[in-house]
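Input: a single structure, listed below in structure tokens.
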There are 2 protein chains.
Amino acid sequence: MTKYGKKILEIVSASHSHMTAEEIFAALRQTYPTVVLATVYNNLNRLWQEDLIRKVSVEGMPDRYDRIQRHDHLVCKRCGKLLDIDLGDLTAQLEKKAGISILSYDLKLTYLCDDCRKKTERKGM
Amino acid sequence: MTKYGKKILEIVSASHSHMTAEEIFAALRQTYPTVVLATVYNNLNRLWQEDLIRKVSVEGMPDRYDRIQRHDHLVCKRCGKLLDIDLGDLTAQLEKKAGISILSYDLKLTYLCDDCRKKTERKGM
DNA sequence: AATAAATTTAGAATAATTCTAAATTGGTGT
DNA sequence: ACACCAATTTAGAATTATTCTAAATTTATT
């Protein structure tokens, strides 16, 4: 594990904000001002392959990186805001239903956040 | 609903192959040879906003479009191959656990497909 | 120290998607 | 049928995220 990989893992693991590569890049430069963006992508891909971080893709947004600790996500359909939520570990239940063994699963609930619900109501939609 | 929107909805609804915008574009041109790609994106976004089609994003791949009929997905961690699987409707269970009402949910199981498992074994990983 | 292997760098390249502004189309009401 | 307004389409440029390439640097190995 290289110094960049280590630090990037630290940044992503500590964050609860689903950072983009750019944001991670910015955070990493606080410590290593000369690092380049390609290095961030290299390391993120490596860490992801090694199952040390998660990738979260929300349609139409840049990929986000997330700590590995299991949890689920809540995405607002309208504004795309992404929140953590924990619905417990469904692995056993899902494996049983699917009849295969899985490495992991991603569960994303789509809803309307409070702000967007208000806006929607105002417009009478 | 315009003629393009209608046809695009038809194409996506009939397909079980999680088409990309480019693939949908190609299919649409069979019927309307002069249509441009931007129109495909416009319509896909519209149809998605109206909940007539689904968007599926797999990390590192272009967005794919899917029929709305509920079903889940199986993604190979190594090669990215995307398959349909149906684990039944978990909406009620998830809403109860989450304590909110949701519009929909996306469930993606990550596994190693047979081909990739074989390759992995061969390499002793 | 010498060699090999992995990582980083710089910057170009690619690919997906969005944006802009003009042109076209599809109703609506008269 | 005609004028009007809104929505859609078009063409092509622009943007953004990400990957790629080849050289340089760092790290580990003999």
Side-chain angles (χ1 to χ4, degrees), chain A residues 1-12 17-50 52-66 75 77-80 82 123-125, chain B residues 1-12 17-50 52-66 75 77-80 82 123-125:
Chain A
M1 177 82 73
T2 68
K3 66 176 177 176
Y4 294 132
K6 205 187 228 179
K7 190 70 191 171
I8 288 171
L9 176 56
E10 246 175 75
I11 292 168
V12 174
S17 65
H18 321 98
M19 300 170 86
T20 62
E22 283 286 353
E23 287 164 354
I24 294 162
F25 178 48
L28 183 63
R29 285 216 281 192
Q30 308 272 108
T31 311
Y32 301 110
T34 63
V35 72
V36 300
L37 185 54
T39 297
V40 173
Y41 276 105
N42 284 343
N43 279 287
L44 287 173
N45 282 330
R46 221 190 333 269
L47 292 168
W48 176 66
Q49 280 303 324
E50 291 165 358
L52 296 173
I53 61 177
R54 285 164 75 183
K55 227 186 248 203
V56 187
S57 34
V58 177
E59 312 82 3
M61 306 195 158
D63 281 350
R64 287 160 184 285
Y65 297 87
D66 205 352
V75 194
K77 166 102 185 180
R78 182 167 297 258
C79 69
L82 182 62
K123 290 191 188 167
M125 292 171 76
Chain B
M1 176 81 72
T2 69
K3 65 175 177 176
Y4 293 133
K6 205 187 226 176
K7 189 72 191 171
I8 289 171
L9 176 57
E10 248 175 71
I11 291 168
V12 174
S17 66
H18 321 99
M19 300 169 87
T20 61
E22 283 287 354
E23 288 164 353
I24 294 162
F25 178 48
L28 184 63
R29 284 216 282 193
Q30 308 271 110
T31 311
Y32 301 110
T34 62
V35 73
V36 300
L37 186 54
T39 298
V40 173
Y41 276 105
N42 283 343
N43 279 287
L44 287 173
N45 282 330
R46 221 191 331 273
L47 292 167
W48 177 66
Q49 280 304 323
E50 291 165 357
L52 295 173
I53 60 176
R54 285 165 75 182
K55 228 185 247 202
V56 187
S57 33
V58 177
E59 312 83 3
M61 305 196 158
D63 282 350
R64 288 160 185 283
Y65 296 86
D66 204 353
V75 194
K77 166 100 185 183
R78 183 166 296 259
C79 68
L82 182 62
K123 290 191 189 166
M125 294 170 78

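Predicted model only: the values in this text are computed from it and were never measured.
The CD-P distance, from Q49(B) to dA7(D), rounds to 16 Å in whole Å. In this structure, the CD atom of E50(A) is 13 Å from the C1' atom of dT7(C), given to the nearest Å. Rounded to whole angstrom, the span from the CZ atom of F25(B) across to the C1' atom of dA16(C) amounts to 14 Å. Put simply, CG on L47(B) is 10 Å from P on dT9(D), counting in whole angstrom units. Whole-Å rounding puts the L44(A) CG to dA17(D) P distance at 14 Å. Across the protein-nucleic acid pair, M61(A) atom CE and dT18(C) atom P stand 11 Å apart, rounded to whole Å. Atom-to-atom, NZ of K3(B) to C1' of dT24(C) comes out at 11 Å; the value is rounded to the nearest Å. One atom, NZ of K7(A), and another, C1' of dT7(C), lie 19 Å apart when rounded to the nearest Å.
Using a 4.0 Å heavy-atom distance criterion, T2(B) is classed as a sugar-phosphate-only contact. Within 4.0 Å of N42(B), counting heavy atoms only, lies at least one base atom of the nucleic acid.
The side chain of D63(B) has dT17(C) as its nearest neighbour among dT9(C), dT17(C), dT10(D). Side-chain atoms of V36(A) lie closest to dT9(C) of the nucleotides dT9(D), dT18(D), dT9(C).
Side chains of I8(B) and R46(B) form no contact here, defined as non-hydrogen atoms less than 4.5 Å apart. Counting heavy atoms from C-beta outward, R29(B) and L37(B) have side chains that stay 4.5 Å or more apart. For the pair F25(B)/M19(B), no side-chain contact is recorded, criterion being any heavy-atom separation below 4.5 Å from C-beta on.
Contact between the side-chain N/O atoms of Y41(A) and the OP1/OP2 oxygens of dT19(D) is not found at any separation under 4.0 Å. OP1 or OP2 of dT9(D) has not a single side-chain nitrogen or oxygen of Y32(B) nearer than 4.0 Å. Residue R46(B) places at least one side-chain N or O under 4.0 Å from the OP1 or OP2 atom of dT9(D).
Judged by closest nucleotide on DNA chain D, N43(B) is the one of N43(B) and L37(A) placed further toward the 5' end.
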Give the C-alpha distance, both sets of side-chain angles, the deciding distance and a yes or no for side-chain contact (heavy atoms from CB on, under 4.5 Å) between Y65(A) and R54(A).
CA-CA 6 Å; Y65(A) 297 87; R54(A) 285 164 75 183; over 6 Å; no
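In plain terms, the two heavy atoms of G5(A) and L47(A) that are nearest each other are O-CD1, 3.9 Å.
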